[in-house]
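Take a look at the structure set out below.
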Protein chains: 2
Amino acid sequence: MLFTKACEYGIRSVLFVAKQSLEGKRSTLKEIASEIEAPQPFVAKIMQQLVRGNVVVSVKGISGGFYIEPSQIKEITLTNIVFAIDKNFDSKLCAMGLKECSEVRPCPIHHTYKAIKKDIISMMDKSNLIEMAESLKNGTCFLSNLPKQPINNLQ
Amino acid sequence: MLFTKACEYGIRSVLFVAKQSLEGKRSTLKEIASEIEAPQPFVAKIMQQLVRGNVVVSVKGISGGFYIEPSQIKEITLTNIVFAIDKNFDSKLCAMGLKECSEVRPCPIHHTYKAIKKDIISMMDKSNLIEMAESLKNGTCFLSNLPKQPINNLQ
DNA sequence: CCTAAACAGGATAAAATTATCCTGTTTAGT
DNA sequence: ACTAAACAGGATAATTTTATCCTGTTTAGG
Ligand code: FES
Ligand code: FES
């Protein structure tokens, strides 16, 4: 598993908030947790970390919620999200658990894994939040497994 | 982190045992734990799982230890090792934690991550244990961070 | 046949991660 | 002012992962 559960929830939360923010809407904890199908109190903790990390903005009080300045959305990367939640995340570590991933003292899979790591880092740095948020809007990608409403809900 | 600590220790243990087996030597728990710099009782548990999973063979009693039939070494993959230790390991899961990684209902990073997953699976399936064990023998790769002996141990 | 070295496995403990609870503060609207 | 909806944050609980302990069994060698 590449990311911790907290990071997975965090990424999905931010993407939902980003999508809503593009439409000028704030998102409440309740909406976020329901949308991403995650426990609300845990999502609350994660959103707190994201606020402290300046990834999202929170507004207290009635009609409050979370949002991201639309002009900021394109600046945010998965790296930003993940590091706001998991200070210790490090995609640069050795796949076999050596304390240091090193070119001069490589583990047996270092050379193969190096290319994979590069791709992971690149994915995290170059992932375009606004493009992802727009795909969510278009319905070409999703944040949960099952459609919210059954398809056959006629009558 | 791609693998759990247990898997990391397991991979390193198997590689050490493989290297020793190429030289006709059995490895004791004490040797393995010391070589890979991991807690011996935890390594013991992991080795038990590897024995049950038919990755390594154990011999009880004095002058016992763990070994791998040299002819078998080239048959073992990282996938074998990891699944013997972590039944739930699944490199095919969604990077964002959706219950199912799906082409028809993809998460926002599915398409980028798909290629990475393919590389991970390929690394795990095609990694050549005998080549790695031989590199260990040659000293072109390593299982721990620091040389066992200080370099300046003259006199 | 006795001993010491080695693995096996159940039970338990410690640490980290995930999840929940409760109380407090903020704020729009009345 | 009062109220209800919303986030903040400390404390706690549950679960999973990591690590240890203890007792038992096996076996080569004297
Ligand atoms: S040393 Fe293991 S991945 Fe680089
Ligand atoms: S659906 Fe998320 S990686 Fe495939």
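Protein chains get the first letters and strands the later ones, always in sequence-line order, with residue 1 at the start of each. Hydrogens, waters and symmetry mates play no part in the numbers below; they use all other heavy atoms, side chains included.
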Heavy atoms, side chains only, cut-off 4.5 Å: are [X] and [Y] in contact?
{"X": "B:Glu134", "Y": "B:Lys19", "answer": "no"}
{"X": "B:Phe16", "Y": "B:Ser27", "answer": "yes"}
{"X": "B:Ile130", "Y": "B:Pro70", "answer": "no"}
{"X": "A:Leu2", "Y": "A:Met123", "answer": "yes"}

### Query
Along nucleotides 1-8 of chain D, 5' to 3', which nucleotides get a B, which get an S, and which get a -, given that the test is a protein heavy-atom distance under 4.0 Å?
---BBBBB
To the nearest Å, how far apart are [X] [atom1] and [N] [atom2]?
{"X": "B:Phe42", "N": "D:dC21", "atom1": "CZ", "atom2": "P", "result": "15 Å"}
{"X": "B:Ile85", "N": "D:dT17", "atom1": "CD1", "atom2": "C1'", "result": "14 Å"}
{"X": "A:Lys87", "N": "C:dA16", "atom1": "NZ", "atom2": "C1'", "result": "17 Å"}
{"X": "A:Phe89", "N": "C:dT17", "atom1": "CZ", "atom2": "P", "result": "13 Å"}
{"X": "B:Arg26", "N": "D:dT26", "atom1": "CZ", "atom2": "P", "result": "17 Å"}
{"X": "B:Glu8", "N": "D:dA19", "atom1": "CD", "atom2": "P", "result": "10 Å"}

### Query
Is there a residue in residues 10-20 of chain B whose heavy atoms reach under 4.0 Å of DNA chain D, and which residues are they?
none
### Query
Are A:Arg12 and A:Glu37 within salt-bridge range, i.e. N to O under 4.0 Å?
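No, A:Arg12 and A:Glu37 are not salt-bridged.
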## Note on the structure
Sorted by chain and residue number, the side chain to side chain contact (heavy atoms under 4.5 Å, CB included) partners of B:Pro39 (sequence neighbours excluded) come out as B:Tyr9, B:Pro41, B:Phe42
### Query
Under the side chain to side chain donor-acceptor pair (under 3.5 Å) test, which residues partner B:Glu103, sequence neighbours left out?
B:His110, B:Lys114
### Message
Please enumerate all residues that pass side chain to side chain donor-acceptor pair (under 3.5 Å) together with A:Asn80, with sequence neighbours excluded.
### Response
A:Thr77
For nucleotides 11-14 of chain D, tabulate all protein N/O to nucleotide N/O atom pairs closer than 3.5 Å, reporting atom names and distance.
none

## Note on the structure
Taking D:dT18, C:dT20, D:dT20 as options, the one with an atom nearest any side-chain atom of B:Pro41 is D:dT20
### Message
Can you tell me how far apart CD1 (B:Ile36) and CG (B:Leu15) are? Round to the nearest 0.5 Å.
### Response
10.0 Å
### Query
Would you call the rings of A:Phe3 and A:Phe89 parallel, tilted or perpendicular, where under 30° means parallel and over 60° means perpendicular?
tilted
### Query
Checking side chain to side chain contact (heavy atoms under 4.5 Å, CB included) for the pair B:Arg26/B:Phe66: CA distance, chi angles, key distance, verdict?
CA-CA 5 Å; B:Arg26 288 179 190 156; B:Phe66 299 90; over 6 Å; no
### Message
My understanding is that a pair needs two contacts under 3.5 Å, Watson-Crick or G-U wobble. By that rule, which nucleotide pairs with D:dT23?
### Response
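Because both required distances fall under 3.5 Å, D:dT23 counts as paired with C:dA8.
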#### Entry: Short side-chain N/O contact from A:Tyr9 to OP1 or OP2 of C:dA19, under 4.0 Å
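Affirmative; the distance criterion is met.
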